[in-house]
J.: 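Sharing a structure below in structure tokens format, with a few things to ask.
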Amino acid sequence: MASTIRVRAIANGDTTEVQALIQHPMDSGFVKDAQGAVIPAHFIQQLTFEHNGKAVFTADWGPAVAKDPYVKFGFKGASKGDELKVSWVDNKGASDSTTAKIQ
Amino acid sequence: MRRLVLAASLLIAAAAPAPAASEADFKTAYAAAEAAENEAGSLRNQWITTETTLKAARKQADAGDFDAATATAKEAEALAKASIFQATSEKDRWKDAEIH
Amino acid sequence: MRFVLAPVLAPVLALISAALAAGVIAQAAPAADKPDPAADAKAFRNYFVTKFPSVKLEDFVNGPYSMNEDMRKQWVEKEEFPPYDFALDAGKEMFAKPFKNGKTYADCFENGGIGVRQNFPYFDAQKGEVVTLELAINRCREANGEAPLSYVKDDMASLTAYMAYTSRGKPFDIKIPDDPRALAAYENGKRYFYTRRGQLNFSCASCHVQSPGQRLRAEILAPALGILNAMPIYRSEWAGMGTISRRFITCNSQTRAVPEEAQSEDYRDLEYYLSYVSNGLPISGPGARP
Amino acid sequence: MSFSIEGFSATRRLVLQGAGAVALFGFGALAARPALAAANDTYPEAAFKQKADKDAIQALYGRTADASDKVKLDAPEIAENGAVVPISVTTTLENVTSISFFVSGNPNALAASYAIPEGTLPAVSNRLKMQQTSNVIAIVEAGGKLYSATKEVKVTVGGCGG
């Protein structure tokens, strides 16, 4: 199965700009389906980016993060060709991870 | 303008009579509403509101409230007729709105 | 009780009638005997270009984002990593995957289906009907022994997203052959576009010709010129992808008109009309919309 | 009778009202408490459960924030759709350790909180959900202190746009 994670990490001098898009319903638990039943909350709680085994960015998310969440940040100290590991875990215990090459 | 159309619907609905209605009254009213809605369907111009009002009438009848069901069916008929009227009057009038 | 209703109804209908008459835009010229699509398209484009002199012609395909700075900024941010990205990849994969008989979508389309979105819909002289991209996709599937896809979202939206993507920048090139049936289909699409329907008594044109750029609650109405170029779209309102059929159905529902079936004759003719009058404007799909 | 003239988004509003009612259940109903991934901090469950922004900030940081013009919050005047509101923050403050986003009008105010270790730039963009028109608050934690920026974002959904 295709990864749920899209990452774009581009090194520009000393700074690497990272954008990620993750496929996830991010159900808030406040919305009802067509039959009027509440769709249970289902959302990513934690998202981590690691470079050389060090966490460079950690997100704690609640259900108010939009569906198919997106995040953008930047960090220093990486160079082209380095690997960036991205992983998430949701409130139901599901998880996914991927490794992207910094471009 | 759509306010007027809506107001018109309300007027019609308000005209529905109050005295106790029987199941037969409901059936007559419902059949008339359904016939009008089918006619609107043949003109491909049904309104969602008519559909939901018809459904509401059936529900009231199922609950044995024929007063309400009859009134609602009449309201549905009026809505269906308004949609028929809309389709008929738009038959050529749309050309007036065209960009030239 | 019906006798009570009749006298009440008459004045009410007269009221509606007056209301309808009052709302008519009086820029009418007498209708030509024979439809003249080329003249229509010219007038159509001219109307929007004159109404929005600061909008570049090719920018109309960006719908509400061509009309409002604040909206545009949100869109540009979204496009950095667009929400249709997943559908696009899924569509690419689906497009390449052979059917059970070994054939692929590429076998059904000119140029292997790459860069052809701008030619749809077209008039099929043999069948005497308008063929949209969605219809062609399902006919391709059926000809190869596969079940048709839903016309409104999911797989169909992913496939058309991919096919639109390979056609980005190519101008709409819709042809109306000099065939009375093609002209009739075009004319029917135009009729559908300008005809008021639903309890709210709106036509497509009420919103997308007379009021583009204006806010209807939070949303900025898109101009009809180029309105299909970005299809299919990821719509935040849907929290997902949708096809042209889905958008038509939603528009109808919003005016409280009972929608037609996806890919009904009216809808296909409407798409034919709207695409034709946007000839020359580039395909920009898939798109992201509120 | 439902002949609301404001009809366009009546249904939608009803749905939202329903959603508000459901909010009473809070997240107590959440079935599984996940084993957190190998992250270097724990998930601030309690802060995410708070309803009001003040309480959420208190639960997350244990203190209050001061407004600062060094925190630049970028959010639209009017959200094109409350389901996806692009919001970002940047700051010229030094020694930033975390950045958090709160939406005052949501059932639970805390939306997202980001740890900013040394070497990571103090700037984040993300997309949040907003249930209604309200303030969005960005908090930057720097040098052990809290700095905030607030902006109102209007949210109205519905209509025949698009």
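Proteins come first, then strands; the chains are lettered A, B, ... in the order of their sequence lines, and each starts at number 1. From a predicted model like this one, the values you see are computed outputs, not experimental measurements. Note: hydrogens, waters and symmetry copies are ignored here, and every other heavy atom, side chains too, is used.
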J.: Write down the atom of D:Ile78, the atom of C:Asp70, and the distance for their closest heavy-atom approach.
T.: N-OD2, 3.3 Å

J.: Would you say OH of C:Tyr151 has more than 12 non-hydrogen atoms from neighbouring residues, nucleotides or ligands within 6.0 angstrom?
T.: yes

J.: Is atom CD of C:Glu261 surrounded by more than 12 heavy atoms (other residues, nucleotides or ligands) closer than 6.0 Å?
T.: no

J.: Between D:Ala83 and C:Ser236, which heavy-atom pair has the shortest distance, and what is it?
T.: CB-O, 4.1 Å

J.: Inspect the surroundings of NZ in D:Lys70 and state if more than 12 heavy atoms from other residues, nucleotides or ligands are less than 6.0 Å away.
T.: no

J.: Is it the case that over 12 heavy atoms from other parts of the model lie below 6.0 angstrom from the NZ atom of C:Lys51?
T.: yes

J.: Output yes when C:Arg289 and D:Glu80 qualify as a salt bridge under the 4.0 Å nitrogen-oxygen rule, no when they do not.
T.: no

J.: For atom CD of D:Glu152, decide whether the heavy atoms of other residues, nucleotides or ligands shown that lie under 6.0 angstrom number more than 12.
T.: yes

J.: Count the heavy-atom pairs under 4.5 Å between each of C:Lys73, C:Gln74, C:Gln214 and chain D, then report the option with the highest count.
T.: C:Gln74

J.: Check whether C:Lys78 gets within reach of chain D through its side chain, its backbone, both or neither, counting any heavy atom under 4.5 Å.
T.: both

